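Notes to accompany the following structure.
Since we're looking at a predicted model, the values are computed, not measured.
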Amino acid sequence: MGGRSRKVKATAGEEATGTEISARANEETPAEGDTSPAAARLPQPFADWFAARGWHPRAHQLELLEKVTGGSDALLIAPTGGGKTLAGFLPSLIDLAGRRAGKRESGVHTLYVSPLKALATDIARNLATPVAEMGLPVQIETRTGDTPQSRRARQRILPPDILLTTPEQIALMLSHKSAAQIFGNLKCVVLDELHALSASKRGDLLALDLARLRALSPDLRAIGLSATVARPFELSAYLVPQNGDGGAPATHFADIVTTSGGVKADITILKSDADVPWAGHSARYALPEIYEAIKAHKLSLMFVNTRSQAELLFNELWRCNDDNLPIALHHGSLDVSQRRKVEAAMVAGKLRAVVCTSTLDLGIDWGDVDLVVNVGAPKGASRLAQRIGRANHRLDEPSKALLVPANRFEVMECQAALEAAAEGQQDTPPTRPGALDVLAQHILGTACAEPFDSDFLFTEVTSASPYRDLTRESFDQVLAFVATGGYALANYDRYAKLKRTKEGTYRVAHPRIAQQYRLNVGTIVEAPMLRVRLARAKGGALKPTGMLAGGRVLGEVEEYFIEQLAPATPSSSRARCCASRVCARWTRSSPVRMPRTPRCPPMRAVSSRSRPISPSACV
């Protein structure tokens with residue numbers, strides 16, 4: 001792999017544009033005579049695939065490959081565009097490519113865990129290209145909240161080689177009796193954007209699930225991927241089992257692979273001719289400048305902090321869209337089909353701007369994004385770095401970002417964020433002891449799969465880094481709360497979720513308990529949602545009946561928001577795009593219907609969320 005250093009069009013970014021995975025390859029050839037042991041062990045199909053495109057693996061990708069194939073857990077810390085994702089998958093792809101033809105072990109070989117559904121879908125799309133081009137016998141599938149129930153049921157019987165999923169879905173799969181068959185031959189777990197998970201309750205749930213996976217498959221290796229890390233040693237301890245000494249600091253750490261490089265981002269604060277308001281979060285005063293910035297760039301991502309704010313800004317942009325630029329909307333309340341349309345349009349380069357929430361701020365690289373516009377306060381230096389990294393997602397090109405304060409107080413926040421970004425500061429929350437309510441959920445999920453022994457489960461739980469300081473007394477109290485409802489509720493049968501068997505193990509008290517657990521698994525608490533459809537008149541234009549029939553699904557809206565609306569009240573949940581009227585009659589089982597009006601811009605959704613998300617939230 002010698003030769004002079006040269007530039008190629010493909011990059012070494014973390015994700016690829018469209019269906020390419022060029023973002024995971026090196027733009028520069030290594031030094032003349034590079035014969036490192038790891039490079040020499042790269043199998044021929046992989047070496048040929050890189051060479052056919054003029055790419056070469058980066059040094060940190062080969063170092064990670066060497067450590068994982070040597071049997072170590074590893075944490076890769078690389079700047080945005082450093083090729084982390086390919087590095088995480090390379091050991092698994094090489095191992096799967098080396099198995100004998102026609103011989104396929106039952107169960108999942110590699111789990112890829114992402115904090116975002118959209119990120120798992122993006123990785124699956126990009127990973128499929130090199131697998132197909134190299135002719136690897138590898139089956140790749142996703143499993144998120146958007147996955148149809150029929151496919152989820154099939155995956156429990158015929159799991160793929162590589163499963164891309166979220167922490168909640170792992171907990172759900174571990175609660176089934178088939179968990180041992182699904183994960184018994186698990187070889188590798190790849191945890192992407194680990195910093196976004198580790199300090200939250202989702203991270204606690206994932207750590208417990210990782211401990212459970214190690215109990216089912218003791219030889220599995222964990223790989224952590226992260227770009228923004230304030231304290232790397234905390235993440236490295238998260239990846240490996242701990243002794244659970246009760247109060248002692250972590251004693252086991254994964255190998256850390258780091259790489260330098262990256263170009264400082266080009267970040268500016270919007271200078272508007274209009275007066276910045278004292279209050280508000282809509283940033284309407286800056287719309288002319290934002291629109292001009294969109295026109296001057298190929299593809300812009302506009303990040304906001306709430307879904308309702310996204311709706312408002314999207315609608316206002318269409319009001320001033322005199323050039324009829326293709327501008328889309330992407331957030332969690334959109335129906336999955338609508339989100340997929342937006343994602344496909346980004347891949348195809350058919351959009352000029354996308355207004356989005358944090359659904360696209362972690363590791364996403366769809367299309368040639370060359371500008372990130374952050375409307376409102378960034379809510380932290382690490383979050384700002386993540387969002388800015390979506391633009392020019394390459395190691396040797398600066399990301400370009402525009403900060404738009406929505407009011408005068410946010411001007412100070414934006415200025416502070418600008419200075420923090422210039423100094424490379426990180427504000428990742430520190431680790432804390434694991435939450436006991438998450439532990440209670442994990443105990444119940446373990447019982448749903450099979451009866452468990454409390455001593456074995458305590459050892460397993462304390463091997464997870466967030467729970468290494470958990471005492472046996474605290475564990476027994478949580479177990480008693482799950483089993484009987486605790487001292488206050490022990491006399492009520494409805495709170496008795498676990499029963500003690502003759503062998504001394506704990507089992508679930510009734511199959512209904514397992515069903516309830518699987519319907520409510522996870523740590524993200526949301527209000528009951530109702531599906532929203534575009535309505536059409538029954539009977540058509542010739543025989544109107546005055547009644548409405550449900551059309552295509554727009555998205556979802558909180559039930560409490562609908563309850564607050566009186567019949568014939570204009571709905572503001574569609575970003576006030578038109579004076580739509582909400583159907584007066586609805587039930588939990590029937591969707592809310594909204595009449596279609598000709599003035600609505602395309603790809604519109606319904607959302608009523610108005611509270612800002614916290615820096616650690618992933619919507």
Side-chain angles (χ1 to χ4, degrees), residues 14-15 24 60-61 64-65 67-68 72-78 82-92 108-120 122-124 127 142-144 162-171 173-174 183 186-214 216-217 220-229 231-242 250 252-258 362-364 382 386 428-429 431 434 438 463-467 522-523 616 618:
E14 186 180 52
E15 283 79 35
R24 299 162 174 86
H60 60 270
Q61 293 172 331
L64 183 69
L65 173 63
K67 290 184 179 297
V68 175
S72 300
D73 304 294
L75 170 66
L76 174 59
I77 302 174
K84 297 186 296 296
T85 307
L86 179 62
F89 278 111
L90 202 54
S92 297
V108 176
H109 179 281
T110 298
L111 266 180
Y112 168 86
V113 185
S114 158
L116 296 179
K117 296 181 290 185
L119 181 54
D122 177 48
I123 297 300
L127 189 61
T142 61
R143 181 189 174 100
T144 68
I162 299 178
L163 183 63
L164 300 93
T165 186
T166 58
E168 292 76 20
Q169 290 298 320
I170 296 178
M173 297 181 73
L174 286 172
F183 300 114
L186 187 64
K187 299 295 189 298
C188 185
V189 178
V190 181
L191 308 178
D192 204 355
E193 306 293 351
L194 183 57
H195 64 279
L197 288 170
S198 60
S200 65
K201 284 190 176 183
R202 294 184 81 197
D204 296 341
L205 181 64
L206 180 59
L208 292 170
D209 291 339
L210 185 59
R212 186 61 182 160
L213 291 172
R214 289 188 186 277
L216 297 176
S217 181
L220 77 85
R221 293 291 171 257
I223 300 174
L225 309 175
S226 185
T228 52
V229 181
R231 294 166 296 277
F233 64 92
E234 293 180 353
L235 293 188
S236 65
Y238 184 95
L239 293 170
V240 297
Q242 303 296 322
H252 300 282
F253 300 90
D255 294 339
I256 300 178
V257 178
T258 60
L362 289 175
I364 303 295
S382 297
Q386 285 289 343
T428 306
T431 57
V438 178
S463 69
S465 182
Y467 294 91
T523 62
S616 61
C618 293

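- For the atom pair CE of Met173 and OG1 of Thr165, the computed distance is 7.0 Å after rounding to the nearest 0.5 Å.
- With values rounded to the nearest 0.5 angstrom, Leu194 atom CG is found 11.0 Å from Glu234 atom CD.
- Between the side chain of Arg202 and the backbone N or O of Pro115 there is at least one donor-acceptor pair closer than 3.5 Å.
- Shown here for Ser92 and Thr110, the closest heavy-atom pair between the two residues is OG-OG1, 2.7 Å.
- With contacts defined as side-chain heavy-atom distances shorter than 4.5 Å, the pair Arg214/Pro241 qualifies.
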| task | Go through Phe183 and Val189 one step at a time and tell me if the side chain to side chain contact (heavy atoms under 4.5 Å, CB included) criterion holds. | result | CA-CA 11 Å; Phe183 300 114; Val189 178; over 6 Å; no
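- Annotation: the span from Ser200 atom OG to Leu206 atom CG amounts to 9.0 Å, rounded to 0.5 Å.
- In this structure, CG on Leu76 lies 10.0 Å from CG on Asp192, to the nearest 0.5 angstrom.
- Thr431 is not listed as a side-chain neighbour of Phe233, based on a closest heavy-atom distance of 4.5 Å or more.
- Looking only at distances, a side-chain donor or acceptor of Tyr238 sits under 3.5 Å from a matching main-chain atom of Ala207.
- Between Val257 and the options Gln61, Lys67, Lys84, a side chain to side chain contact (heavy atoms under 4.5 Å, CB included) holds for only Lys67.
- Val113 has its side chain out of reach of Asp209: every pair of non-hydrogen atoms, C-beta onward, lies at least 4.5 Å apart.
- Across Leu220 and Leu186, no two heavy atoms sit closer than the pair CB-O, 3.5 Å.
- Atom CG in Leu86 sits 10.0 Å away from atom CG in Leu65 (nearest 0.5 Å).
- Minimum interatomic distance between Arg143 and Leu163 (heavy atoms only, all atoms of both residues): CB-CD1, 3.8 Å.
- Taking each heavy atom of Ala87 and Leu64 in turn, the nearest pair found is O-CD2, 3.4 Å.
- Put simply, the side chain of Gln242 gets close to the backbone of Ala237: a donor and an acceptor are under 3.5 Å apart.
- Annotation for Ile123 and Tyr112: closest pair CG1-OH, 3.4 Å, computed over non-hydrogen atoms.
- A side-chain donor-acceptor contact under 3.5 Å links Asp73 to the backbone of Ala222.
- Atoms OG1 and CG, from Thr523 and Asp204 in turn, are 8.0 Å apart once rounded to the nearest 0.5 Å.
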| field | Check against side chain to side chain contact (heavy atoms under 4.5 Å, CB included), Ile223 and Cys188 | value | CA-CA 7 Å; Ile223 300 174; Cys188 185; 3.6 Å; yes
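- The minimum heavy-atom distance between Pro232 and Leu75, with the atom names listed, is O-CD2, 3.6 Å.
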